[in-house]
Amino acid sequence: MLSLLYVQCLIGVLAGAVVGWLWPSFGAELKPLGDGFIALVRMMIAPVIFCTVVHGIASMGNARAVGRVSLKALLYFEVLTTVAMVIGLVVVNVVQPGSGLHVDPSTLSTKGLPPEATASHESFSAFVLAMIPDTLLSAMTGHEILPVLVVSVLFGFGLNAGGEAGAGIAQGIEKLSRILFTLIRWIMRLAPIGAFGSMAFTIGNYGLDTLRHLFLLIGSFWLTALFFVLVVLGTVMRVNGLRLLPFLRYIKEELLIVLGTSSSEPVLPRMMAKLEHVGAAKPVVGITLPAGYSFNLDGTAIYLTMGSVFLAQALGIDLSLTEQLSMLAIMLLTSKGAAGVTGSGFVALAATLSAVPHVPVAALALIFGIDRFMSEARALTSVVGNGVATLAVAKWEGQLDEDRAKAVLRGDIPYTSAPEPGHTPEPQVDPVPGEKPAEADPKAAAGADRGPVPAVG
């Protein structure tokens, strides 16, 4: 059992919590362990996305198909994000966790808040322009996912138009992706150490006492996120002929890494590999999952509505239904573009409050201390939401092998991160939209298909 990554991560999370509780000052000093692990994975995200998207578009060979997948993904993102926000709005109005605090706004100050929370936030036009990198290579050296997607899509279309020369480069990029996923596999061995350091810092720096003061907000937020995952995302999986709980078991290692690091970024490469292994076509995965990290942050969507209304309740500000709905409309914009890193939801909430006149930005000081305890729920919800979104778009596009997906989720075709010695995986052929893909017997496939899907087209 100790050789399994999710067991190692679970031990790291529990050990970090104990260290942070018993030796708070020492636990707070372990933050570099978590930061270092996240930085190692983050440096791989841009090239992994580039190779996956470019090779996916090149293998699809049809610009219209790429546009169709992108449009369906964005439509799905908007619908589910709106549902998440409405659920958060209903819960916070029913539970009213901020009522009775009677905080005097004149006593609040932005001192002590992170600079990102008090900085002026970009307009929608600035957000769109920021998607265009300064140079072709600068997208690879930045920290934003959207510019990488823009460059990757353009480059993929260029390879399609390049004919024989483009096909040769596409093969080289596909081979490069194999090397990148090998590096990712090595880095992920450090995940338990990163989870240990991050959890020790969280408990050591903020302490368990912080939870007692605002437990109602934290508890209601976690329960709302759990309701969204089990009911809303569970329904989406059912509609697409799959079940949610087997999928959660399938990605349990990734969920524990997210829980420990409080960030969804470290598991992006592994989620892409596992979604391809479960039967979603590589082009759909390459387009939908990275885009979801900017456009489909379900956990952040719930947090924005609950956090903003909680602050209004704490200050004694009575928001009408119209005012709450206007805030929701603004949140549909401010929730976009926030990468799945620790604290991005807090910055998105600051952007929302600065765009509406109802609640002062200084009120963020009330929840800044406990934001870290809600960050894990935001990241976990968003990871599951993006995985379900990818499967849903693949099914909608006719690019999901349902028989294979059911076999994988049953455990008949286990996921392995490395090929067996002497084994060369057979290339998968993406099914034609509207045509049922051919599937071998699951029992036979269990012994034949154990190669890592990232290494195949």
Side-chain angles (χ1 to χ4, degrees), residues 5-6 48 52-53 55-56 59 69 72-73 76 177 181 184-185 188 229 233-234 236-258 264 267-293 296 382-419 425-431 433 436-457:
L5 181 62
Y6 75 89
V48 165
T52 304
V53 174
H55 184 260
S59 61
V69 171
K72 289 178 179 178
Y76 175 94
S177 68
F181 275 97
I184 288 290
R185 189 174 69 251
M188 294 310 295
V229 169
L233 297 183
V236 174
M237 290 289 282
R238 282 285 187 182
V239 168
N240 290 286
L242 302 173
R243 295 171 55 209
L244 178 68
L245 293 182
F247 178 69
L248 295 181
R249 286 196 297 268
Y250 178 62
I251 61 171
K252 58 182 179 292
E253 294 178 354
E254 290 70 32
L255 295 180
L256 280 171
I257 293 172
V258 170
S264 57
V267 300
L268 174 57
R270 282 178 61 93
M271 284 294 293
M272 296 175 76
K274 283 198 166 183
L275 288 169
E276 291 173 23
H277 179 74
V278 87
K282 188 169 186 174
V284 177
V285 174
I287 294 173
T288 306
L289 189 64
Y293 268 62
N296 189 44
S382 296
V383 164
V384 178
N386 283 321
V388 172
T390 303
L391 295 177
V393 173
K395 173 67 181 296
W396 193 0
E397 183 66 10
Q399 295 279 316
L400 177 65
D401 190 335
E402 291 186 59
D403 294 332
R404 177 184 175 87
K406 293 176 181 178
V408 169
L409 297 183
R410 283 196 308 266
D412 295 342
I413 310 177
Y415 171 82
T416 53
S417 58
E426 296 182 4
Q428 287 182 325
V429 179
D430 293 333
K436 181 177 177 61
E439 170 65 7
D441 180 45
K443 294 182 179 179
D449 192 354
R450 293 180 182 269
V453 177
V456 300

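Only a predicted model underlies this, so the values are computations on that prediction, with no experimental measurement involved.
For Arg238, the side-chain contact (heavy atoms from CB on, under 4.5 Å) partners two or more places apart in sequence, or in a different chain, are Arg243. Evaluation of the salt bridge (Lys or Arg N to Asp or Glu O under 4.0 Å) rule for Lys395 yields Glu402 as partners, not counting sequence neighbours.
Asn240 is not listed as a side-chain neighbour of Leu391, based on a closest heavy-atom distance of 4.5 Å or more. Within the 4.5 Å cutoff, the side chain of Leu275 has heavy atoms near those of the Phe247 side chain. Between Trp396 and Val284, the closest side-chain pair of non-hydrogen atoms is not below 4.5 Å. Met271 places a side-chain heavy atom less than 4.5 Å from the side chain of Leu289. A heavy-atom distance below 4.5 Å is found between the side chains of Leu244 and Val229.
When each of Thr390, Val393, Leu242 is tested with Leu400 by the rule side-chain contact (heavy atoms from CB on, under 4.5 Å), just one qualifies, namely Leu242.
Between the CG atom of Leu248 and the CE atom of Met237 there is a distance of 8.0 Å, given to the nearest 0.5 Å. Note that CZ of Arg249 is 9.0 Å distant from CG of Leu409, once rounded to the nearest 0.5 Å.
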Check the pair Tyr76 / Thr288 against side-chain contact (heavy atoms from CB on, under 4.5 Å), numbers first and verdict last. CA-CA 10 Å; Tyr76 175 94; Thr288 306; over 6 Å; no
List the steps and the verdict of side-chain contact (heavy atoms from CB on, under 4.5 Å) for Leu268 and Val48. CA-CA 9 Å; Leu268 174 57; Val48 165; over 6 Å; no
Kindly determine whether His277 and Arg404 satisfy side-chain contact (heavy atoms from CB on, under 4.5 Å), including the steps that lead there. CA-CA 9 Å; His277 179 74; Arg404 177 184 175 87; 3.3 Å; yes
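The minimum heavy-atom distance between Met272 and Pro290, with the atom names listed, is CE-CG, 4.2 Å. Minimum interatomic distance between Ala389 and Asn296 (heavy atoms only, all atoms of both residues): CB-ND2, 3.8 Å.
Under a 3.5 Å cut-off, the side chain of Tyr250 and the backbone N or O of Lys274 do form a donor-acceptor pair.
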